[in-house]
Colleague: 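Pasting a structure here, questions to come.
Both counts, for ligands and for their atoms, begin at 1 and track the order of listing. Note that these values count all heavy atoms, side chains included, but never hydrogens, waters or copies made by symmetry.
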Amino acid sequence: MIREIITYPDKRLKMRSIEVSEFNNELHFLLNDMLDTMIDKNGIGLASIQIGIPKRVFIINVPVETNKKNSDGDIETEYLIENLIEFINPVILETHGKTTYEEGCLSVPKFYETIERFNIIKVQYFNRFGEKIIKEFDGLKAIAFQHEFDHLEGKLFIEKLSYLKRKKFDREIRNRKVEQS
Ligand code: QAP
Ligand code: CO
């Protein structure tokens with residue numbers, strides 16, 4: 001079921017989400033609804049609080065690039081959508097290096113800005129069956145994890161902007177409000 005996404009400046013986005021204690025059907029329905037909603041909105045990551053439910057749950061679905069030869073023998077990049085990962089009660093164990101990426105967020109529609117994140121992270125989380133997993137992520141998966149993890153702490157990527165870039169964001173929001181009224 002596709003749910004409604006709550007957007008900035010909704011105060012619920014500032015809540016700290018609560019640990020999941022039961023890996024039951026209710027959790028599985030939540031995860032299924034999150035996937036339906038993320039696909040519908042063309043997202044690559046979604047945290048539970050973004051549909052108004054303050055649980056320590058998020059999903060990421062970073063497209064995997066594979067290079068394939070087509071019938072002409074040319075190399076073509078194919079994007080597979082087979083890369084959904086469900087994170088429950090995630091913890092960051094280790095971080096390495098720094099990287100930047102132009103981020104967006106379904107809760108801050110049509111605003112993108114370059115954000116600094118850790119390059120490599122080692123994390124612990126549970127899957128939907130309550131099995132504990134420890135893994136290392138790099139690249140876009142590591143960036144997406146950190147962005148979604150921040151949602152669980154009530155933080156949005158716009159809070160990481162420099163003073164000047166934050167001014168630019170505030171101005172854009174103000175202009176959008178004027179256009180709407
Ligand atoms: C978080 O973000 C993320 O403004 C997921 O109009 C961001 O899926 C992870 C989206 C950057 C890694 C790198 C945003 C779609 C989707 C918009 C998203 C919009 C339509 C954002
Ligand atoms: Co987001």
Colleague: Listing by chain and number, which protein N, O or S atoms are under 2.8 Å from the Co ion (ligand 2)?
Modeller: Cys105 SG, His147 NE2, His151 NE2

Colleague: If only side-chain N and O atoms count, and only distance matters, is there a donor-acceptor pair under 3.5 Å linking Arg128 with Asn32?
Modeller: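 Present: a donor and an acceptor within the cut-off.
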
Colleague: Given a heavy-atom cut-off of 4.0 Å, could you list the residues near ligand 1 in chain and number order?
Modeller: Lys41, Gly43, Ile44, Gly45, Tyr101, Glu103, Gly104, Cys105, Leu106, Val108, Pro109, Lys110, Tyr112, Leu140, Ile143, Ala144, His147, Glu148

Colleague: Would you say the ring centers of Phe157 and His147 fall short of 6.0 Å from each other?
Modeller: yes

Colleague: Just grab all the salt bridge (Lys or Arg N to Asp or Glu O under 4.0 Å) pairs involving residues 21-46, residues at least two apart or on different chains.
Modeller: Arg3-Asp33, Glu26-Lys55

Colleague: Between Ile60, Asn119, Val62, Ile85, which is the residue that forms a side-chain contact (heavy atoms from CB on, under 4.5 Å) with Phe137?
Modeller: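 The passing option is Ile85.
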
Colleague: Assign the ring pair Phe126 / Phe23 to parallel, tilted or perpendicular, where the plane angle (0 to 90°) is split at 30° and 60°.
Modeller: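 If you compare the ring of Phe126 with that of Phe23, the planes turn out tilted.
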
Colleague: Are Phe58 and Tyr125 close enough, and set up right, to give a side chain to side chain contact (heavy atoms under 4.5 Å, CB included), and what steps lead you there?
Modeller: CA-CA 11 Å; Phe58 62 77; Tyr125 60 96; over 6 Å; no

Colleague: Let me check something: any side-chain donor-acceptor pairs from residues 13-21 under 3.5 Å, sequence neighbours excluded? List them with distances.
Modeller:
none

Colleague: Identify whether the distance between the nearest side-chain nitrogen and carboxylate oxygen of Asp170 and Arg166 falls below 4.0 Å.
Modeller: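 Looking at Arg166 together with Asp170, the answer is yes, because their closest N to O distance falls below 4.0 Å.
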
Colleague: Going by distance alone, is a donor N or O of one side chain under 3.5 Å from an acceptor N or O of the other, for Thr100 and Glu116?
Modeller: no

